[in-house]
Amino acid sequence: MEIVVVGTGYVGLVTAVCLAEYGHKVTCVDIDENKINKLRDGISPIYEQDLEELMKKNSKRLRYTTDYMSAYKDAEVIFIGVGTPEKKDGSANLSYVYAVAKQIAESVDHSCVVVLKSTVPIGTNDKVLKILNDNKKTSIKINIVSNPEFLAQGTAVRDTLHASRIVIGVDNEDAEKVMREVYKEYDAPILVTDSRSAEMVKYASNDFLALKISYINEIANLCEIVGAKVEDVAKGMGYDSRIGDKFLNAGIGYGGSCFPKDTKALHWLANMNDYELKTVKAAIEVNEQQKLRLIKKSRKYYDNFEGLTVAILGLTFKPGTDDLREAASIINIPIILDDGANIKAFDPVGIENFKKTMKYGDVEGLDRISYFNNIDDTIKDTDICFIFTEWDEIKNYDISKFRKLMKRPILLDGRNCYSLSDAESYGVIYMGIGK
Ligand code: UDX
């Protein structure tokens, strides 16, 4: 089929490349010329496992352009995969989605199906359909479909090629038929429902996972108080298939582009409808506190960090991505700098993005951070070390070296990379989460 995907971020680009892998001819549209030029050169603007190889493999079926008019010309299906960033009040900013809908309506001269892949608040599909109908030039039929994306960064290609489910929110059979054709080659259960339920599936799924993490984080905090081990507790809980063993890793809180944004957006939407989502509110509050957990623990050793050298292992919000959105590092590093410390930071892929994200003027003392591409040099002669991301390089690091290389081997591990008994047997002063 002739498919257009608008937006070449995580959702748009991965969707496009996977649709091409399943045999469709896909045109990727973006307003960012830089991105499009990179893509034409076979370079992915995002760091994502397997993506570039798949782009190369399907290059004959993939086209990249900023010229949306020509892209829409023969499209049977147009996916909208542009961002819906968080606004100051916690609600989702839909201006990009609406702008693309208007652009589509003004450009297409034939009937087609418009698919909303971006995560959008409940009711947005109806609004987009109105924009399409209000702005189309002729009496063509434009159908709208809600088709939320469930990919996680770092495993985005696998999550999309082998989707856990395909949710199609649609109110007419013709559009349903087209969507079944799009996903003909995919081996995943298909749920067809109305658009509002499809939109809700996405928020309800993400917020449930966020809630699960905040729940285990609170249990971890209580484990510390009463002398239990959260990892064993989670294992014991996970054997119950009603609970499941995934997303029960206690740590320094969830980050990324989805959970923080989607929890706040649903909470906001409920409030706007005079309903308080108490569970989601609790997940948000617990997460905000959890991100500061290690700093609070560090006060046991130092009143402040004035004149100390602090090692930071891991800058990204999780391993396998160079994304720093809502990462623990972004919240904690300014506090540590403000406290007067020098910082030595390690991350296998996130350093460049970190430098771009942290701007002089917004954060004081950035010149006191030095960056390293190996852990030995990062921790050497430091007074305390924080782990914010569980990269394999960190998990597989020889724990005895913290004792050998650090000035004072105090290790605060926000991702439970090591066992307490190992750390203690090598003379490392160690604190994880929930043990
Ligand atoms: C998430 C959802 O998993 C995905 O389905 C959705 O489409 C987008 O949002 P992503 O944000 O890429 O994906 O990452 P995910 O692996 O879910 O992790 C999110 C955050 O939760 C990370 O900061 C991670 O460290 C944290 N996390 C995850 C935990 O703290 N504990 C866990 O057990 C799992």
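Numbering of ligands and ligand atoms starts at 1, following listing order. Worth saying up front: this structure is predicted, and the values here are computed from it rather than measured.
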Do the ring centers of Tyr418 and Phe402 come within less than 6.0 Å of each other?
-> yes

Between ligand 1 and the protein, find all N/O pairs closer than 3.5 Å and give the distance for each.
| unit_1 | atom_1 | unit_2 | atom_2 | d |
| --- | --- | --- | --- | --- |
| ligand 1 | 5 (O) | Phe150 | O | 2.9 |
| ligand 1 | 7 (O) | Phe150 | O | 3.4 |
| ligand 1 | 7 (O) | Leu151 | O | 2.8 |
| ligand 1 | 7 (O) | Lys202 | NZ | 3.4 |
| ligand 1 | 12 (O) | Gln153 | N | 2.6 |
| ligand 1 | 12 (O) | Lys318 | NZ | 3.3 |
| ligand 1 | 14 (O) | Lys318 | NZ | 3.0 |
| ligand 1 | 16 (O) | Lys318 | NZ | 2.9 |
| ligand 1 | 23 (O) | Gly255 | N | 2.9 |
| ligand 1 | 23 (O) | Phe317 | O | 3.0 |
| ligand 1 | 25 (O) | Arg415 | NH1 | 3.4 |
| ligand 1 | 30 (O) | Arg415 | NH1 | 3.4 |
| ligand 1 | 31 (N) | Asn249 | O | 3.0 |
| ligand 1 | 33 (O) | Leu248 | N | 3.4 |
| ligand 1 | 33 (O) | Asn249 | N | 2.9 |

Report yes or no: is the cationic atom of Lys344 (NZ for Lys, CZ for Arg) under 6.0 Å from the centre of the six-membered ring of Phe372, at an angle within 45° of the ring normal?
-> yes

Lys355 meets the salt bridge (Lys or Arg N to Asp or Glu O under 4.0 Å) criterion, sequence neighbours left out, with Glu352

Hits for salt bridge (Lys or Arg N to Asp or Glu O under 4.0 Å) against Glu326, two or more places apart or cross-chain, chain-then-number order -> none

To the nearest 0.5 Å, tell me how far Asn37 CG sits from Asp32 CG.
-> 9.0 Å

Pairing residues for Arg368 by the salt bridge (Lys or Arg N to Asp or Glu O under 4.0 Å) criterion, not counting sequence neighbours = none

